[in-house]
Protein chains: 2
Amino acid sequence: MNENPVYHFLKSCMIEGSLSAGDRLPAERVLSERFSMSRTRIRETLQVLKTEGWIYSRPGGGHFVSDQLEKSFSNPLAEILANNEDSHFDLLEFRLSLEGDCAYYAALRATDVDLTTLTEVFEQLAKSSKSNDILASATWDARFHLAIAEASHNVIFMHVIKSLFSVFQSTMYQSIQELLANNITRDSLFNQHAAIYDAIHNRKPSTAREAAQQHVRYVSDTLQDLVKEKMRTERALRRSHAKKFEL
Amino acid sequence: MNENPVYHFLKSCMIEGSLSAGDRLPAERVLSERFSMSRTRIRETLQVLKTEGWIYSRPGGGHFVSDQLEKSFSNPLAEILANNEDSHFDLLEFRLSLEGDCAYYAALRATDVDLTTLTEVFEQLAKSSKSNDILASATWDARFHLAIAEASHNVIFMHVIKSLFSVFQSTMYQSIQELLANNITRDSLFNQHAAIYDAIHNRKPSTAREAAQQHVRYVSDTLQDLVKEKMRTERALRRSHAKKFEL
DNA sequence: AAAAATAAATTGGTCAGACCAATATGAATG
DNA sequence: CATTCATATTGGTCTGACCAATTTATTTTT
């Protein structure tokens, strides 16, 4: 199967990230023509990828990249986060290590295509940030970091950061929303993103790393403050309840 | 696929034993008629069983039950690493980011218990390294890095490095053996380990980070040299073959 | 102008029939 | 009995077709 050019092509795309979880593959008839193969052979190739768990298909819809790669990493992580109280900040500490170097490599290796994509995402991020669209901001924020991960041209960095974000978003959804709800915080975050973007675009690896690390530190610190604040109010609430029930 | 009667039939036969290793399956056209299915669908079914490792086929011969000794990847990441030489260096680059900071946090947070454990592991590593025991060296090398990860007191670092090492060892087993087989290399590696150990033990985070990063860089560089050397000999081999057949 | 219903194009799944090359089988030959 | 050789079988590939589910574009309705 490894000599099958279609198999190799599709798998490379998925490993390198040009096809990520949920993306639709070219239609069978398209692949058939592009690789000068019969649809029969294309279908058998897709069947193999399907059996291996890389893709799935919906009749009438198409073939799609499955999330097994992402899940293989994020599921165990999610379990850890669910069972450890303070592990959320461990995750941010982990991100601090990753994202700095990831930005570094992105600034070093980004192709023109990568930079174009990054610019597009960044502009969307700017727009949604300026227009106080919290939901869109959160989405484009994540995409921005993923675009950097892709530009790093390191498949391990890419997949780990991709998985990290899916965990990050599902477990800290509310916190992120609250973070972005504050206008001042959102402005700060945007400026940090801009700094990272500029550094990568101007190909300054060390600057990019520094900017990315500062960004994660800021997120971490702000979230920590937010948690502390929440704990305070909860404690206050408990006190008032206790008083009420004379405990 | 589980609703496919042919799939169910063949798999039942193999599980229950009426078809054992080496046996020939009914021909595609026979199955096609017996189950009133098109040959196309029969073939796709057989393709699934083939991908799952239950059977194999010989053109012109038929389909046969395999020995079921097929290795299957539990971790998709392991599969990527196994099939992409280039991704090995991506992994080392990733380790470069992680292990440095991990050592940093270990030097910062290690408890007395952590340090005791680390000392024990380090002494075992020293012993096996001095006595030229390659296998033991590899084992204690891995344990040393894991002990550092535990001392970092970050559950994410711990988990990721732990799973990374299991992947690392399963896919780069041979390379590591070759690395440790060289006495000079093994000495260098041991000195690097000693430097990391000292820095953590003396609670010097930055020094620990620097030492750990240098260590990973050395491993990466040495492995790269090893790969280059291997390519050279392979090329030389090909050349001599070509000469032989006057190509 | 927006929403809902409808028509058309696209896509995966299945089928029939054909040809090739590798393999297996059995008959003819030494 | 062993070898050789023609024949039948088998997996691999290709073409072209049709169906049903789905997506996309268009029209109609509100």
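As the structure is a computational prediction, the values presented were derived from the model and not from experiment. Throughout, a chain's letter reflects where its sequence line sits, starting with A, and its residues are numbered from 1.
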Assuming nearest nucleotide by heavy-atom distance, tell me which of A:Met37 and A:Phe64 is located more 5' along DNA chain D. A:Met37
What integer distance in Å separates A:Glu44:CD from D:dT15:P? 15 Å
C:dA16 P sits how many Å from B:Arg41 CZ, rounded? 11 Å
Using 30° and 60° as the class limits, which term best fits the ring planes of A:Phe157 and B:Phe94: parallel, tilted or perpendicular? perpendicular
Identify whether any heavy atom of B:Arg43 sits under 4.0 Å from a base atom; if not, whether one sits that close to sugar-phosphate; answer base, sugar-phosphate or nothing. base
Round to a whole Å and report the spacing from NZ of A:Lys50 to C1' of C:dG13. 9 Å
Side chain of A:Arg58 only, heavy atoms from C-beta on: which candidate in D:dT13, D:dT23, D:dG12 is closest? D:dT23
Closest approach to the side chain of A:Arg39, judged atom by atom: which nucleotide of D:dG11, D:dT13, C:dT14 is it? C:dT14
Euclidean distance, atom CD1 of residue B:Ile42 to atom C1' of D:dT10 [Å, nearest integer]: 14 Å
Reading DNA chain C from 5' onward, which residue's closest nucleotide shows up sooner: B:Ser36 or B:Arg29? B:Ser36
Separation of atom CD in B:Glu28 from atom C1' in D:dT9, rounded to whole Å: 12 Å
Spacing between A:Gln47 atom CD and D:dG12 atom C1', to the nearest angstrom: 16 Å
Does D:dG12 have its OP1 or OP2 closer than 4.0 Å to a side-chain nitrogen or oxygen of B:Ser57? yes
When the ring planes of A:Phe122 and A:Phe144 are compared, do they come out parallel, tilted or perpendicular, using 30° and 60° as the limits? tilted
Does a nitrogen or oxygen in the side chain of B:His63 sit under 4.0 Å from OP1 or OP2 of D:dT10? no
A:Lys50 NZ to A:Arg43 CZ distance, which is reported to the nearest 0.5 Å: 6.5 Å
Can you measure A:Leu46 atom CG to D:dT13 atom P for me and round it to whole angstrom units? 14 Å
To the nearest angstrom, the CG-P distance between B:Leu49 and D:dG11 comes to 14 Å
Nucleotide nearest A:Ser38 (side chain, heavy atoms from C-beta), chosen from D:dA17, D:dT13, D:dT10: D:dT13
Are A:Arg95 and A:Phe165 side-chain neighbours, meaning at least one heavy-atom pair lies under 4.5 Å? yes
Under the criterion salt bridge (charged side-chain N to carboxylate O under 4.0 Å, His left out), I'd like the reasoning laid out for A:Glu70 against A:Lys162: C-alpha separation, chi angles, the key distance, then a yes or no. CA-CA 7 Å; A:Glu70 191 179 295; A:Lys162 231 173 230 189; over 6 Å; no
Assign A:Thr40 to base, sugar-phosphate, or nothing according to its heavy-atom contacts below 4.0 angstrom with the strands shown. base
